[in-house]
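A short write-up of the structure that comes next.
Chain letters run A, B, ... following the sequence lines, proteins first, then strands; residues in each count from 1. Just the heavy atoms: all of them, side chains too, but no hydrogens, waters or symmetry mates, feed the values below.
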Number of protein chains: 2
Amino acid sequence: MSTAVEASWTDHALRTLATAGHRASGPRTRVLEAIASDGCAMTAHEISGLLRERGDSVGLASIYRALDLLDRLGLVHRVDVGEGVARYEPAHPSGEHHHHIVCDSCGTVEAFEDAALERAIGGLSERLDFAIAAHDVTLHGRCPVCRAAA
Amino acid sequence: MSTAVEASWTDHALRTLATAGHRASGPRTRVLEAIASDGCAMTAHEISGLLRERGDSVGLASIYRALDLLDRLGLVHRVDVGEGVARYEPAHPSGEHHHHIVCDSCGTVEAFEDAALERAIGGLSERLDFAIAAHDVTLHGRCPVCRAAA
DNA sequence: GTGAATGCAAACTCTTTGCATGACT
DNA sequence: AGTCATGCAAAGAGTTTGCATTCAC
């Protein structure tokens with residue numbers, strides 16, 4: 001994920017917040033930047049840790065409130081890979097997105113994209129009674145490192 | 001899901017438990033039957049409620065312990081549709097399985113199957129570095145009832 | 001009879017909420 | 001100035017664990 005893309009997402013998010021009548025407070029902006037800089041599926045605690053390292057601690061409650069707001073505005077996606085914790089990542093206005101693969105051995109989470117998968121899901125939308133608004137795919141397996149270690 | 005299928009899964013599970021050296025205790029068997037009778041994605045609390053209705057209450061801790069054991073033996077799948085609660089459903093030895101679609105309005109969870117989707121995921125296994133052991137697909141949208149109500 | 005499984009209650013983790021203080025517009 | 005947002009601490013929900021008792025083999 002390039003710096004240019006990060007910056008544009010951060011700008012987009014700040015603009016959307018302002019339009020919706022929300023303030024660009026310090027803590028909120030720092031959460032935004034943390035999500036943009038990592039780019040993939042962070043937990044609230046990871047965001048908290050990252051900000052503390054930077055010397056810009058933000059209370060956990062504020063992090064959760066910021067994430068909830070960003071989610072309601074469609075600026076982040078809430079991702080759940082089955083660990084019992086919520087993860088958040090930037091939602092790109094282009095609709096471009098990825099899915100996740102989790103190592104059941106070490107817990108590593110990586111991203112992947114696949115056009116055939118998206119096509120299959122697109123086809124489903126026409127077949128089912130539900131009006132499909134979003135989809136999540138999570139793969140489970142062993143990462144290269146754990147495979148080598150075994 | 002037919003009664004015959006339920007019975008065979010229950011039998012299979014009891015046999016697997018015995019082979020692995022675990023006891024077919026009353027509470028454990030009741031949890032097994034609850035999962036078999038419902039067939040799709042129950043939470044620990046739902047299992048608890050169902051058993052209490054039947055007059056066969058089982059402590060929540062025992063339900064969690066039973067589910068954990070069944071999961072480790074590959075007899076149930078742990079499913080997470082992003083509500084922050086774990087759901088469990090029978091894992092069929094045939095490998096036959098389904099995925100879930102969640103109504104973001106009322107929370108209803110339904111099952112669906114799709115061959116094209118499975119094919120797309122099968123193709124991915126060859127492309128990625130991970131050794132893929134399992135996959136979950138969750139769709140989000142509005143169910144027919146909520147669409148009509150809107 | 002013996003070891004495994006249960007049930008209760010306490011502990012833990014993640015997340016949300018109430019309320020007084022402080023900060024953005 | 002006025003209001004929205006923050007931070008802390010307490011409350012909640014889901015899940016796990018310790019320990020004495022009970023039960024399956």
- Task: Could you tell me whether the phosphate oxygens of D/dA24, OP1 or OP2, come under 4.0 Å of any side-chain nitrogen or oxygen in B/S25?
- Result: no
- Separation of D/dG14 atom C1' from B/E46 atom CD, nearest Å, is 13 Å
- Message: Of the options D/dT15, C/dA9, D/dC8, whose atoms approach the side-chain atoms of A/A61 most closely?
- Response: D/dC8
- Query: Rounded to the Å, how far apart are B/I47 CD1 and C/dG7 P?
  - Reply: 14 Å
- Item | For atom CG of A/D56 and atom P of D/dG7, their distance in whole Å | 11 Å
- Query: Do A/R23 and D/dC4 share a donor-acceptor pair, side chain to base, under 3.5 Å?
  - Reply: yes
- Message: Let's see if you can work this out: which of D/dG7, C/dT15, D/dT15 has an atom nearest to the side-chain heavy atoms of B/A86?
- Response: D/dT15
- Please check the phosphate of C/dT15 (OP1 and OP2 only) for any side-chain N or O of A/Y64 closer than 4.0 Å. yes
- Query: Base, sugar-phosphate, or nothing: which does A/A24 touch, judged by heavy atoms less than 4.0 Å apart?
  - Reply: sugar-phosphate
- Rounded to whole Å, CZ of A/R65 lies from C1' of D/dA9 at a distance of 12 Å
- Query: Using a cut-off of less than 4.0 Å, is there contact between a side-chain N or O of B/H22 and OP1 or OP2 of C/dA4?
  - Reply: no
- Consider only side-chain N and O atoms of B/S48 and B/R52, and report whether a donor and an acceptor are under 3.5 Å apart. yes
- Would you check if there is a donor-acceptor pair between the side chains of A/S57 and A/R30 at a distance under 3.5 Å? no
- Sole candidate of B/E110, B/H140, B/E89 that passes side chain to side chain donor-acceptor pair (under 3.5 Å) when paired with B/H100: B/E89
- Message: For the residue pair A/S37 / A/R54, report whether a side-chain donor-acceptor contact shorter than 3.5 Å exists.
- Response: yes
- Check whether the side chains of A/E118 and A/H97 place a donor and an acceptor atom closer than 3.5 Å, and report yes or no. yes
- Rounded off to whole Å, could you give me the CG-to-P distance for the B/L32 and C/dA5 pair? 14 Å
- Ignoring backbone atoms, establish whether B/S62 has a side-chain N or O less than 4.0 Å from OP1 or OP2 of C/dG7. yes
- Distance in angstrom units between B/R78 CZ and D/dG14 C1', rounded: 10 Å
- Message: Rounding to an integer number of Å, can you tell me how far A/L60 CG sits from D/dA11 C1'?
- Response: 15 Å
- Could you state the atom-to-atom distance from CZ of A/R28 to C1' of C/dG22 in whole Å? 15 Å
